[in-house]
K.L.:
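Take this structure, written in structure tokens, and hold onto it; I'll ask about it next.
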There are 4 protein chains.
Amino acid sequence: MNFKNIGIVGKSGEQAQNTLNVLIEYLGKRGTNVCIEKKTSDNLNNSRIPVLDKSTLCADSDLIIVVGGDGTLLGTAREAVHHDTPVLGINLGRLGFLVDISPDDMHNSLDQVFNGNYGTDKRSLLEVSFDDDSQYHVAFNDIVLHKWNTARLIEFETFINHQFVDRQRSDGLIISTPTGSTAYALSGGGPLIHPALDAIALVPICPHTLSNRPIVIDAASKIEIRVCEHTPQDHLRITCDGQNSLPIKNTQSSILIQKHDKQVRLIHPPGHDHFQILRNKLGWGKHHTN
Amino acid sequence: MNFKNIGIVGKSGEQAQNTLNVLIEYLGKRGTNVCIEKKTSDNLNNSRIPVLDKSTLCADSDLIIVVGGDGTLLGTAREAVHHDTPVLGINLGRLGFLVDISPDDMHNSLDQVFNGNYGTDKRSLLEVSFDDDSQYHVAFNDIVLHKWNTARLIEFETFINHQFVDRQRSDGLIISTPTGSTAYALSGGGPLIHPALDAIALVPICPHTLSNRPIVIDAASKIEIRVCEHTPQDHLRITCDGQNSLPIKNTQSSILIQKHDKQVRLIHPPGHDHFQILRNKLGWGKHHTN
Amino acid sequence: MNFKNIGIVGKSGEQAQNTLNVLIEYLGKRGTNVCIEKKTSDNLNNSRIPVLDKSTLCADSDLIIVVGGDGTLLGTAREAVHHDTPVLGINLGRLGFLVDISPDDMHNSLDQVFNGNYGTDKRSLLEVSFDDDSQYHVAFNDIVLHKWNTARLIEFETFINHQFVDRQRSDGLIISTPTGSTAYALSGGGPLIHPALDAIALVPICPHTLSNRPIVIDAASKIEIRVCEHTPQDHLRITCDGQNSLPIKNTQSSILIQKHDKQVRLIHPPGHDHFQILRNKLGWGKHHTN
Amino acid sequence: MNFKNIGIVGKSGEQAQNTLNVLIEYLGKRGTNVCIEKKTSDNLNNSRIPVLDKSTLCADSDLIIVVGGDGTLLGTAREAVHHDTPVLGINLGRLGFLVDISPDDMHNSLDQVFNGNYGTDKRSLLEVSFDDDSQYHVAFNDIVLHKWNTARLIEFETFINHQFVDRQRSDGLIISTPTGSTAYALSGGGPLIHPALDAIALVPICPHTLSNRPIVIDAASKIEIRVCEHTPQDHLRITCDGQNSLPIKNTQSSILIQKHDKQVRLIHPPGHDHFQILRNKLGWGKHHTN
């Protein structure tokens, strides 16, 4: 694919500004059409680049380049996926699980990507809805049911493909994509899941019963959570990627979670190595002979 | 499928004898052809039933009925899979993850199975070989590389599809099927994996590095383990299902692990419910209001 | 010690009423002076027993008898400790870690206790205060700093005896007594601590850094927590025993936690066995040959 | 205390030789009497320094200086404790939990120590014996009961102060000092225990029952382990600090573990900070404002 129309989304802050300016200069020299997301533009003070809101930017671009941390990319990817626009992440000097190009390698990496020498890494998302409401929300890392505004445990029942799994008392439940398995789910005791595995993890948060261990299921599964009647609705909440927080309007209605039908396409320069990123980020033994 | 030729394998011990005798009487009344595995026969003292070694029994039967615990079924299933013969498990009063028919329900459950009213639950196996040897060994639960005859850690490198994962110092590594995720891998901190998910878990045993967490990968992956040169070959061993123990002849040769190309077919009476077994065996909260 | 003036505190609900009535009848026959806590009295409808608020009840009694679950005993013990009044717990048919007398054994157990045949089990408490405020709050199980009203991690620094321990991003921190080590701290991955060990456990809740493991320290230690400046004060809260929730008025002020100078005295009938309670509550292997 | 007679123990290998030579030169200039342990001497090729076996060296020195890793110090400390000789550890460029002086800081640190400006850090040890044998063995980190030469679980009963704790099936049990809580016990899921807390941790290795969690008890406790009769004696072994491995001669005899009556005295230069070492070794967040 040939990337002509580039959309830029950046984190606020001085470090991002420097990298954004270098990036914009680079893209100018390459002769691509560049647009920039509104908030990023506000921070940048560069009046010559057209400004679009995030949704239009994602709709009108061939490629979205994100400059920031994993959090910046998560928020952008949730929008880009609706327009099937691929996303590439440049970090701000600190490698992320998702933003894997460092500013120092930016020129070289982008040269390769624009010359068509890149890999496409498809990642699944989750969507959550309530059974009395047609709206849904998507998440790239995880959808989390968690206690809110209370020190007490919440209690809920989980069903997978209409089969009862268990009734659990805990601080909540993390439902994670493979991408999210290196994020909150990992802190909660979940396993690492390779992005190529089409799976969903259910990771209980501080469960009262010690044998309530993380469960990994097929990504085609439909997950349903029913909050137990004695748990007040304002004592729990649903959060997408730790960024969007949804109140529960009615504890009578079930919470439905399933794989989203579209995938995010992450663009990586050649040589992208998932395990190398894990070794770096998790501090694993790196040496390998031969 | 119509089960006419039934092979029986049982655990030794008095309790199994009672159940075996009831089973044999039942099968006699149903008019099926019954053969019995040699060791089971030795314990049973019933001279009227033809005796076969386990391999021939699995080859010549339409269905193998195992009477015992999960361990008895594991050993039989590893043989039955070579002949594509389905397996049904009757426990000895204590529910297993695999032997899910209790002696009390035996008549009713078998009636349904023989009337064609049953489910088939296909389970994947793993196989392990050495790269300088054409022999391989299969495992239903797990293949474990573990320290042997030493108090020290072992050190090894793991590769997945020829990609380097890490160099690890630990007591060993559990490579588990979804079936094995409720066995040793669970004790080692691994997640529960639903049997319908085509996945393999790699669970490090007491790793020196705390971030060496369990990894779940696609079951199509080829896993290669290279023991580090300074680890003496008699300080580690490969074990299949905790039952077959293979010495490492040469630490220079890689250990190769992948999904076996045949699947075990477990026969369950109607109403088999994987999560109900988990709830029972793991003591999860069982109550669910409707 | 001779118990003459008995205070009663009970859980609401029908099951407690039955046990309370049996208890009151028993105490009447023994000729003890009985008073009852106000809320318990409201539920009970027994006009012949003097009613006191919890604080006066604890001040005026030689022994407080709690009828309910561990939660009921926790709340009562926090009050009783101020008056150095011992506490005895009767459960409602389901063994607790603290309420260890079952209604069926009540007569026999109380006979022994009133005949002077009992053990005294001293348990430490924690107290929490803010460095700009002279007030403090006590906890029997745990003092928990946790995120509140937010899906984001909180960030804070911990000091022990003025020594910097670490700067942590997590959902919070559980500071637990040995008594609390079987409660929330256990769900968070903390160890079991024997009540005879004078120790405090610090258990991080879903820490971002995987090596942020539970720490056990001497109970004489002074713990100080400083919330990092960018964490808004309404995004975290302090909770005592999961029952009393304290807002943070000023994130500039340190949170100080230390052992309370008084101990709760739990009264047990003879034969009280801490490990038997653990085996029962945690479902450990119970058989032991002799 | 004035250190005049210095004993040196070093790891083999070229890096240790360089540091040893610098150390010997330093000690010569200071005018101390220096002796060297036999094996260390063999590796060093310095004929002018008197050579003693480790036991005599520990008996005749005022201070033992260890050059190597934590493992080298562990082995030396187990000997030094018998003679109440303090131990100081110099690492080989990689900080250990115990060997906390780096070669670069050696001159400055030793200057301070020899000028009397040092701290003494007393650490407890454990001892293990069999009830039919008067011999005992000491451990600085941990005494581990573990499976040996088998892929199967071992089964054993634990008693604390003659009270039955549980009957457990697992890969073994780690009994750890606070010092050992950063070693194998940590890999097994145990908590960090501050060295100033007089405690012992019991950490089950891959227990079959998920609720078999680590237990922390008072260091004055007597621990007894009885191996269950059906576990063959050559299927398990006792190991001290992962270095000394003791066969079980008779599974009928109990294994007795308790705190050793002498303590190792570790000498640290001023500014020794236990939590700083934890932050360094475990990669904790280090930043702390103010």
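So you know, we letter chains A, B, ... as the sequences are listed, proteins then strands, and number each from 1. Not measured: the values here are computed from a predicted model.
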K.L.:
If contact means a heavy atom pair closer than 4.5 Å, which residues of residues 123-133 of chain D contact chain B?
P.N.:
none
K.L.:
Measuring only between side-chain heavy atoms, which start at C-beta, is B:I217 closer than 4.5 Å to B:L202?
P.N.:
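Counting from C-beta outward, B:I217 and B:L202 do come under 4.5 Å.
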K.L.:
Parallel, tilted or perpendicular for B:H260 and B:Y136, by the 30°/60° rule?
P.N.:
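Aromatic pair B:H260/B:Y136 classed tilted.
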K.L.:
I'd like to check B:I154 versus B:L145 (side-chain heavy atoms, cut-off strictly below 4.5 Å). Are they in contact?
P.N.:
yes
K.L.:
State whether the number of non-hydrogen atoms from other residues, nucleotides or ligands found under 6.0 Å of B:H208 atom NE2 is greater than 12.
P.N.:
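Counting other residues, nucleotides and ligands, NE2 of B:H208 stays at 12 neighbours or fewer.
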K.L.:
Inspect the surroundings of NZ in D:K281 and state if more than 12 heavy atoms from other residues, nucleotides or ligands are less than 6.0 Å away.
P.N.:
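Above 12, so yes.
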K.L.:
Test side chain to side chain contact (heavy atoms under 4.5 Å, CB included) on D:R279 and D:D273 and set out the steps.
P.N.:
CA-CA 10 Å; D:R279 286 194 299 276; D:D273 179 340; 4.1 Å; yes
K.L.:
Can you find a heavy atom in the side chain of D:D142 that is under 4.5 Å from one in the side chain of D:V203?
P.N.:
no
K.L.:
Which residues in residues 174-186 of chain D have any heavy atom lying under 4.5 Å from a heavy atom of chain B?
P.N.:
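Only D:Y184, D:L186 of residues 174-186 of chain D have a heavy atom under 4.5 Å from chain B.
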K.L.:
Is B:D171 close to chain D through its backbone or its side chain, or both, or neither, when contacts mean heavy atoms under 4.5 Å?
P.N.:
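Side chain only.
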K.L.:
What I'd like to find out is whether the side chain of B:H146 reaches to under 4.5 Å of the side chain of B:T239, using heavy atoms alone.
P.N.:
yes
K.L.:
Extract all donor-acceptor atom pairs below 3.5 Å that involve side chains of residues 66-80 of chain B and protein atoms in other chains or at least two apart in sequence.
P.N.:
from, atom 1, to, atom 2, distance (Å)
B:D70, OD1, B:F97, N, 3.3
B:D70, OD1, B:L98, N, 2.8
B:D70, OD1, B:V99, N, 3.2
B:D70, OD2, B:F97, N, 2.8
B:T72, OG1, B:G69, N, 3.4
B:T76, OG1, B:T72, O, 2.9
B:R78, NH1, B:D241, OD2, 2.6
B:R78, NH1, B:Q243, OE1, 2.8
B:R78, NH2, B:Q243, OE1, 2.9
B:E79, OE2, B:S55, OG, 3.3

K.L.:
At a 4.5 Å cut-off on heavy atoms, which part of D:N212 comes close to chain B: side chain, backbone, both, or neither?
P.N.:
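The answer is neither part of D:N212.
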K.L.:
Using non-hydrogen atoms only, which part of D:S245 is less than 4.5 Å away from chain B: side chain, backbone, both, or neither?
P.N.:
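Contact with chain B is absent: no heavy atom of D:S245 under 4.5 Å.
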K.L.:
Chain B: which of D:T150, D:V144, D:L282 shares the most heavy-atom pairs with it under 4.5 Å?
P.N.:
D:T150
K.L.:
Return a table of donor-acceptor pairs under 3.5 angstrom between the side chains of residues 9-17 of chain B and protein atoms on other chains or two or more places apart.
P.N.:
from, atom 1, to, atom 2, distance (Å)
B:Q15, NE2, B:L92, O, 2.3
B:Q17, NE2, B:N43, O, 3.1

K.L.:
Take the angle between the ring planes of D:H274 and D:H194 and call it parallel below 30°, perpendicular above 60°, tilted in between.
P.N.:
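Ring orientation of D:H274 relative to D:H194: perpendicular.
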